[in-house]
Every structure is written in C-alpha cells, then in structure tokens.
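First the structure, in the form of structure tokens, and then the observations on it.
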Amino acid sequence: MLNRPQSILDRSMNLFADIRTLVLSSLNDMQTAGTLPADLDFANVAVEPPRDALHGDMATNAAMVLAKPARANPRAIAEGLAELLIADDRIISADVAGPGFLNLRLSPELWQNVIPVAVTAGADFGRSSMGAGLKVNVEYVSANPTGPLHVGHTRGAVFGDALASLLDFAGYNVTREYYINDGGAQVDVLARSAYLRYLEANGQQVEFVDGTYPGDYLVDVGVALKEKYGDSLVDKPESEWLADLRLFATEQMMDLIRADLDLLGIKMDSFFSEKSLYGTGLIEGAINDLDAKGLIYEGVLEPPKGKEPDDWEPREQTLFKSTEHGDDVDRPVKKSDGSWTYFAPDIAYHFDKVQRGFDQLIDIFGADHGGYVKRMKAAVSALSEGAVPLDIKLTQLVKLYKDGEPFKMSKRAGTFVTLRDVVDQVGPDVTRFVMLTRKNDAPLDFDFAKVQEQSKDNPVFYVQYAHARINSVLRKADELGVSAQTGDLSSLTHDGEMTLIKKLAEWPRLLELAAKHNEPHRVAFYLYELAGDLHALWNMGKEAHEVRFLQDDTTITGQKLAMISAVKATLAAGLGILGVTPIDEMR
RNA sequence: GCACCCGUAGCUCAGCUGGAUAGAGCGCUGCCCUCCGAAGGCAGAGGUCUCGCGUUCGAAUCGCGACGGGUGCACCA
C-alpha cells in the first residue's frame with residue numbers, strides 16, 4: 001500500500017492546510033515588510049473550522065498567538081494580515097472579530113473543488129503523507145495462548161487494528177505485531193489442562209481442580225493428542241510429557257486465536273514468540289545493554305506500601321534502575337533464585353523492536369496492565385536512549401448487556417464471553433464499529449439488542465444507511481442514464497449542500513489529527529456527523545425539492561451525483577480505516 | 001498509602017491539546033410526516049463543564065490542592 005498514484009498525492013486534499021500555508025506566507029510577507037519582527041515561531045498558528053458557522057468558513061488565531069512575542073496589538077496584526085489575505089482570490093472576506101480572531105470566508109468554488117478530489121481518490125480520499133514513511137510497530141492483542149479471545153481482547157484487537165490502519169492511511173509504515181506469551185508458567189497450566197483432556201479422550205474421568213483451565217475449547221486438543229500419542233502418555237509422569245504438550249497446546253491455541261482474529265478480519269504482519277528470547281542470549285543481551293548504561297544493580301526493594309503482604313521479606317535481587325527514566329520504583333529483572341522475572345523478556349522484546357529499526361512503538365494493553373506502563377516506557381527510553389518514543393494505549397473494560405441486563409455467560413469458555421460469542425451474535429462490522437465509538441480509555445457499554453437496532457441512535461446503522469442510500473440513488477440514476485459529472489459544480493450552493501461539502505473538506509484534516517493523537521474513535525464520530533449531514537440534506541428534499549438529488553435537469557443532477565459520490569468515497573475511506581465493510585443495500 | 005485513568009445536560013458520551021454564546025444521541029414537551037426516498041422530520045426546555053486556587057488577553061482544556069468513581073500496586077504472567 002505504499003505506492004500510490006502520484007496524481008492523487010499531488011493534488012492537495014487538505015483545504016485547511018492550504019489556507020494555513022497561505023496565512024504563513026502572508027505572515028512572512030509582513031516580516032519582510034517590517035510589520036512583524038523577523039524571529040517569530042509560527043508553530044502555534046492554526047487554521048480551523050470555527051465553532052459557529054456564522055463566523056465564517058475558517059478562522060485563524062495567528063494574531064493572538066503572535067501578539068505577545070511580536071509586542072503588538074492582536075487586532076492590529078489581524079487587520080494587517082486580513083489586508084494581505086483578501087488579495088488572494090480564494091479569500092472572499094477576512095474579518096477581525098473578538099479579541100483578534102480572523103474569520104475567513106472562502107469562495108464556493110474552492111469548497112466545491114473538494115468533490116472531484118474525493119471522487120477521483122475514492123476510498124483513498126484523505127490519505128496523507130504526514131507519517132513520511134516512518135516505521136511504526138503497533139503491538140496489540142498479545143493475549144496469552146491459553147484459550148480463545150474474550151470480549152476484553154476484542155476491544156484491544158479492534159482498537160489496535162483500526163489504529164494501525166489509521167496510521168497506514170496517514171502515511172506511516174506500519175507493522176502489526178502479536179507478542180506470544182509462551183514462555184511462562186501459564187503455559188505449564190495449559191499443558192496440564194490439555195493433559196487432563198487427553199486422559200478424558202482416553203476414557204478416564206478427570207477433575208479440573210483449581211489452577212487448571214476447565215474450558216471446553218481444550219476438548220479438541222485432548223482428542224488431537226490422543227490421535228498423536230494414542231495412550232502412550234497415560235500414567236506417565238509430568239516430566240515425560242510437559243515439554244511436548246506445552247508446545248503442542250500452544251500451537252493449537254494460537255491456531256484458535258488466529259481463527260478468532262480472522263472473524264474480525266484482523267491479519268497480523270508478525271507474531272513474536274516470548275520463548276524465542278530464552279536460551280538465545282537475547283534477554284542477556286538486553287540486560288547487558290542496560291548494565292552498560294549503569295542501570296542494573298543488585299539491591300533490595302522496599303516492601304509495597306499500604307498492602308501489608310504477610311509473606312513479604314527483604315531479598316536481594318537484580319534490579320533495573322527504572323526510576324532514572326520516570327518510574328516510581330526500580331523493578332526486578334531477576335528473582336532471588338537467579339531466574340528472570342516476566343519483565344526481563346519484555347525488556348528484551350522491546351529491545352528487539354528498537355533494534356529492528358522502528359521509529360515509533362505503540363503497545364495496546366488492557367486497562368488491568370496500567371501498572372506496567374511506566375516501567376515499559378522507562379525500559380524503551382533507556383534502551384533507545386530516548387530516540388524511540390513508546391506510546392501505550394490502555395483499553396478500558398467492556399460491559400455487556402442484553403436488553404439492559406448485564407450479560408456474562410459463555411457456552412464455550414464457561415467463565416467469560418468470547419470474541420466468537422460476540423461476533424456470532426452481531427457480526428464483525430457491528431462489533432468493530434461499536435468498539436470504536438468510545439475513546440479507548442473510557443469504559444464501553446455493549447448492548448446486544450441496541451447495537452443491532454435500525455435507528456438513528458445506533459451509529460453503525462446510521463452510517464451504513466447513509467452509504468446504502470447514496471448507492472440506491474446512484475443505482476436509480478444509472479437506470480435513468482444520468483451520471484456524476486465533476487467539471488462544473490456551480491449549482492451546489494444550497495445551505496444544506498454547502499454544509500455537507502464543508503464537512504467533506506474537513507476529512508483530511510480530521511484524519512491527520514486522529515493519527516497524530518492515535519485516536520481512531522475520532523474517525524467513527526466524524527462518520528456519524530457526515531452521515532447526519534447527508535441524511536439532513538435528504539430530509540430537506542421533502543420540502544425543498546430543489547435539493548433532491550435526482551432532478552429533471554440532467555446537468556444539475558450530474559453535479560449532485562458528484563457530491564454524493566464524494567460523500568460515498570469519504571464514508572468508504574473512513575469505514576475502511578475502521579475495518580467496517582460499507583454496505584450497498586439495506587435489507 | 002502510592003501511581004495511572006476518569007468526572008461535561010435527567011441518561012450515554014463528543015469537545016479538534018488554550019479560543020468566540022460548551023455540542024450530539026437518547027429521554028422529556030409541542031407540532032409535522034405515507035415520502036423520487038420505509039426503518040422519520042422540525043422546534044423547545046434542560047449546564048456553576050465536581051469544587052477551590054493559580055498560570056494569561058482568554059481555561060471544560062494547562063498546573064497545584066481537595067472531593068467522588070474506576071484500575072493497578074509481588075520474585076504472578
């Protein structure tokens with residue numbers, strides 16, 4: 001997806017960026033003319049949609065931002081700037097308002113011009129070169145390979161995947177990665193549980209005591225084990241089968257997880273195994289690197305405060321001086337018996353990411369991992385000497401409801417609702433969209449009945465419906481032998497049309513902001529608003545027949561079809577990022 | 001006890017990282033609707049942005065301190 005037709009990239013998609021460029025060059029002219037001092041930082045100069053449409057099309061805060069450093073009256077700067085801007089034929093009016101806002105009104109042609117750009121680009125409309133090909137690693141899901149994915153994983157999976165797509169769309173070179181926690185004690189538990197299912201397959205009665213996984217999903221593994229080993233492992237001591245079963249069961253679980261991800265259309269670029277870090281010198285290498293930086297020492301930690309653990313006693317162990325990189329306390333990398341803590345392979349894994357040459361790292365964790373954020377950031381900061389930023393996004397809990405009642409059961413897993421349960425109920429598109437209609441750090445209520453409702457308060461339906469509506473009009477137009485034409489668009493001047501067109505023009509800017517902040521939910525909210533503007537225009541057509549899309553005059557119809565085609569392209573682009581299929585027809 | 005996240009309309013949530021009179025959906029109230037083009041439309045009421053101090057031309061947004069809610073605080077992964 002890196003080689004895009006130049007013609008698309010060359011055309012300016014972002015009208016707000018264009019006008020900002022104009023503002024900046026005018027400010028430069030003022031410097032040349034001596035109206036403004038030479039040494040000014042324009043980084044904070046913004047060109048934005050105004051909060052109130054009555055104020056104009058765009059507003060810039062340039063005068064207010066520069067007033068202090070330039071030691072000048074903001075309104076005076078604004079007036080000087082207005083004079084220069086108005087000379088550009090794209091600007092119809094430039095009015096100073098309030099404390100020094102400069103409200104700009106743009107020519108309708110300029111707005112209308114977004115239509116051919118969107119129509120030509122199609123689902124690539126808004127694609128940006130902002131990321132400049134920087135290599136970003138997005139690590140997400142990374143669930144223990146001990147069972148099927150559950151709802152909590154689902155949110156992380158959807159969020160990570162949409163974020164990866166968003167960054168790709170914004171011009172980053174993205175790698176989607178899954179870290180397989182196949183090195184620790186939980187895999188022993190898995191192997192023992194699989195062994196019980198194996199015994200069961202061999203006709204024995206077994207009991208799942210505490211510390212084993214009772215879920216049905218291991219039944220098949222037991223059967224597969226019987227096929228492979230017959231009864232040769234029955235009554236054998238653990239030491240004879242544990243290693244083999246760890247491997248076997250982990251592979252089976254990863255197949256299960258891959259199948260779960262597949263249900264949501266998620267394809268990882270890379271799976272990284274924790275196990276591969278052991279016995280290969282990679283952990284030692286990473287710790288040595290920290291040691292060489294003077295960040296490893298032998299010491300004794302203070303007891304945890306406020307918890308009064310009864311079994312706590314001071315012990316000397318190998319510690320990482322994470323406090324030098326912003327953590328609250330130093331963290332152990334080795335246990336007192338000399339073996340690695342779980343943190344050590346995590347350090348090695350992130351060291352490996354740094355060494356693979358990524359410019360940025362992003363980890364998606366569940367909210368219950370909030371406690372690891374600081375230490376992971378400290379590790380990456382130390383290992384990369386501050387060169388590689390690590391952003392960690394925590395996804396909050398998902399609360400499931402059915403008709404307003406909390407919903408907790410799962411047939412397959414016994415104790416939790418699986419990803420498959422959810423997708424089977426509502427489908428991948430609804431699952432994905434709903435999970436993205438909230439900021440990642442806000443809890444999410446997911447009501448099975450509500451998300452399938454066909455009404456305005458269901459954003460999934462509302463956005464899909466807009467896409468289908470456009471499609472239905474285009475189909476009808478096709479039957480009438482009329483098609484979109486993007487040459488002259490001067491008939492599109494109605495308020496409702498201009499509102500819609502201006503919303504379209506915001507898309508490239510919004511996309512870049514969403515990518516900059518790693519917030520895919522902004523795309524979902526934008527699509528809802530865009531769909532709302534389209535539906536509003538449609539409804540206006542009941543009264544004002546001149547805004548209906550299909551008119552007797554085929555020239556005018558062609559222009560309107562171009563407009564809704566542009567909306568369709570934008571919806572497709574946005575839904576594509578969210579990983580939701582735009583539908584052509586409501587059933 | 002400490003750290004992180006959150007606190008915006010009756011409810012569920014946005015609010016573009018400091019801008020103008022704080023928005024949407026639901027719910028409520030009142031009108032309208034059988035439409036190329038079903039799964040609705042328009043309007044209205046509803047706010048001390050938890051509270052207090054501070055930073056400045058300007059704060060829901062930034063800082064500090066309270067208060068309230070969530071999560072986490074091991075040699076577990």
Side-chain angles (χ1 to χ4, degrees), chain A residues 16 44 46 48-52 54-55 59-61 64-65 67-68 73-75 97-101 103 144 146 181-187 189 274 301 303-309 311-313 315 317-318 327-329 331-343 345-346 366-374 392 394 396-397 437-445 447 450 453-459 461-462 465 469 472-473 476-477 480 506 509-510 512-514 516-517 519 521-522 524-526 528-529 532 535-536 538-543 545 548-551 586:
Chain A
F16 291 88
N44 289 327
E48 305 170 315
R51 182 158 286 179
D52 188 335
L54 291 176
H55 291 137
T60 177
N61 61 353
M64 288 180 294
V65 172
K68 197 166 187 185
N73 180 313
R75 292 190 63 101
F101 281 104
N103 290 326
N144 289 342
T146 53
N181 288 282
D182 53 4
Q186 77 282 2
V187 184
V189 177
E274 178 191 356
L301 285 174
K305 299 251 163 52
K307 273 199 76 178
E308 292 301 324
D311 58 343
W312 193 89
E313 54 186 80
R315 268 174 288 231
Q317 41 189 153
T318 308
D327 203 355
D328 305 312
V329 293
R331 305 290 175 177
V333 295
K334 267 189 185 175
K335 305 176 191 173
S336 55
D337 67 3
S339 62
W340 299 115
T341 62
Y342 68 90
F343 186 37
D346 277 349
D368 55 339
H369 285 62
Y372 311 120
V373 170
K374 283 192 178 180
I392 297 181
L394 302 177
Q396 274 293 342
L397 298 174
T437 51
R438 206 106 307 175
K439 277 186 303 201
N440 58 288
D441 48 13
L444 171 71
D445 290 346
D447 190 314
K450 217 166 180 181
E453 211 170 87
Q454 302 204 333
S455 73
K456 188 173 178 176
D457 57 319
N458 180 1
F461 166 77
Y462 202 56
Y465 187 27
R469 241 180 186 175
S472 122
V473 174
K476 184 148 269 168
L480 299 171
E506 272 180 44
R509 176 175 178 274
L510 179 122
E512 291 189 349
L513 283 167
K516 185 174 158 197
H517 298 289
E519 293 184 342
H521 78 273
R522 293 193 192 195
F525 279 94
Y526 170 82
Y528 184 64
E529 288 168 16
H535 292 309
W538 176 291
N539 289 322
M540 276 179 215
K542 290 178 183 177
E543 307 266 314
H545 288 218
R548 293 186 178 191
F549 301 140
L550 299 180
Q551 301 281 332
M586 306 302 291

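Numbers restart at 1 for each chain; the letters A, B, ... are given by sequence-line order, proteins then strands. Being a predicted model, the structure only gives us computed values, none of them experimental.
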inquiry  = Using the C1' atom as the point on both nucleotides, what is the distance between G19(B) and C11(B), in whole Å?
reply    = 30 Å

remark   = Stems with RNA chain B, 3 or more Watson-Crick or G-U pairs in a row (under 3.5 Å), are B:1-7 with B:67-73, B:10-13 with B:23-26, B:28-32 with B:40-44, B:50-54 with B:62-66

task = Provide, to the nearest angstrom, the distance between the CH2 atom belonging to W538(A) and the C1' atom belonging to G37(B).
result = 4 Å

remark   = Ranking K334(A) and E48(A) by the position along RNA chain B of their nearest nucleotide, the one closer to 5' is E48(A)

Atom-to-atom span, OH of Y372(A) to P of U71(B) - whole angstrom = 15 Å

key: Verdict with supporting geometry, Q396(A) and R438(A), side-chain contact (heavy atoms from CB on, under 4.5 Å)   = CA-CA 10 Å; Q396(A) 274 293 342; R438(A) 206 106 307 175; over 6 Å; no

inquiry  = What is the separation between atom CG on N61(A) and atom P on U17(B), rounded to the nearest whole Å?
reply    = 10 Å

query = Rounding to a whole Å, what distance do you find between N73(A):CG and G58(B):P?
reply = 15 Å

request  = Have a look at D346(A) and say if it touches a base, only the backbone sugar-phosphate, or nothing, with a 4.0 Å heavy-atom cut-off.
outcome  = nothing

task = Please state how far atom CD in Q551(A) lies from atom C1' in C36(B), giving the value in whole angstrom units.
result = 10 Å

request  = Check if the side chain of Y528(A) and the base of A24(B) share a donor-acceptor pair of N or O atoms closer than 3.5 Å.
outcome  = no

task = Rounded to whole angstrom, note down the C1' distance from C13(B) over to A60(B).
result = 14 Å

query = Side chain of Y462(A), base of C26(B): donor and acceptor closer than 3.5 Å?
reply = no

query = When all nucleic acid strands are considered with a 4.0 Å heavy-atom cut-off, which category describes P332(A): base, sugar-phosphate, or nothing?
reply = sugar-phosphate

note = Protein heavy-atom contacts under 4.0 Å, written 5' to 3' over nucleotides 6-15 of chain B as B (base), S (sugar-phosphate only) or - (none), form the string S-----SSSS

ask   = In whole angstrom, what separates H517(A)'s NE2 from U61(B)'s P?
value = 17 Å

inquiry  = Please determine whether a side-chain nitrogen of the Lys or Arg among R509(A) and E506(A) lies less than 4.0 Å from a carboxylate oxygen of the Asp or Glu.
reply    = no

message = Considering every strand and a 4.0 Å limit on heavy-atom distances, what is the contact class for N103(A): base, sugar-phosphate, or nothing?
response = base

request  = Go through the side-chain N and O atoms of N144(A) and T146(A) and say whether any donor and acceptor fall under 3.5 Å apart.
outcome  = no

query = Syn or anti for U34(B), taking syn as within 90° of 0?
reply = anti

request  = Sticking with atom C1', work out how far C42(B) lies from G58(B), rounded to a whole angstrom.
outcome  = 36 Å

request  = May I ask you to say what Y465(A) touches in the nucleic acid, namely base, sugar-phosphate or nothing, with a heavy-atom cut-off under 4.0 Å?
outcome  = base

query = When the P atoms of A24(B) and A45(B) are considered, how many whole Å apart are they?
reply = 12 Å

task = Check every strand shown and say whether A46(A) touches a base, only sugar-phosphate, or nothing at a heavy-atom separation below 4.0 Å.
result = nothing

ask   = Counting any heavy atom closer than 4.0 Å, what does A536(A) reach on the DNA or RNA strands: base, sugar-phosphate only, or nothing?
value = nothing

note = Taken to the nearest whole Å, OH/Y342(A) to P/G72(B) is 14 Å

remark   = Sorted by chain and number, sequence neighbours left out, side-chain hydrogen bond (donor to acceptor under 3.5 Å, both in side chains) with N44(A) holds for none

inquiry  = Holding to ring pair (Phe, Tyr, Trp, His ring centres under 6.0 Å), I want the full list of residues that pass it with F343(A), two or more places apart in sequence or in another chain.
reply    = none

ask   = Rounding to the closest angstrom, what is the interatomic distance between C51(B) and U12(B) at atom C1'?
value = 24 Å

message = Checking R331(A) now: which residues fulfil side-chain hydrogen bond (donor to acceptor under 3.5 Å, both in side chains) with it, not counting sequence neighbours?
response = D327(A)

message = Distance check, C1' atoms only: C49(B) and G15(B), in whole angstrom units.
response = 11 Å

Nearest-nucleotide comparison on RNA chain B, the residue closer to the 5′ end among M540(A) and K516(A) = K516(A)

task = Record whether the side chain of H369(A) comes under 3.5 Å of the base of U71(B) through a donor-acceptor pair of N or O atoms.
result = no

task = Round to a whole Å and report the spacing from CZ of R469(A) to P of A39(B).
result = 6 Å

query = Going by distance alone, is a donor N or O of one side chain under 3.5 Å from an acceptor N or O of the other, for Y465(A) and R469(A)?
reply = yes

request  = With sequence neighbours excluded, tell me which residues meet ring pair (Phe, Tyr, Trp, His ring centres under 6.0 Å) with F16(A).
outcome  = none

ask   = Which part of the nucleic acid, if any, lies within reach of E274(A) when heavy atoms closer than 4.0 Å are counted: base, sugar-phosphate only, or nothing?
value = sugar-phosphate

inquiry  = For F101(A) together with H55(A), are the ring centres under 6.0 Å from each other?
reply    = no

task = Determine the Euclidean distance between corresponding C1' atoms of A22(B) and U61(B); express it in Å to zero decimal places.
result = 11 Å

inquiry  = What's the gap between A9(B) and G65(B) when it is taken at their C1' atoms, as a whole Å value?
reply    = 28 Å

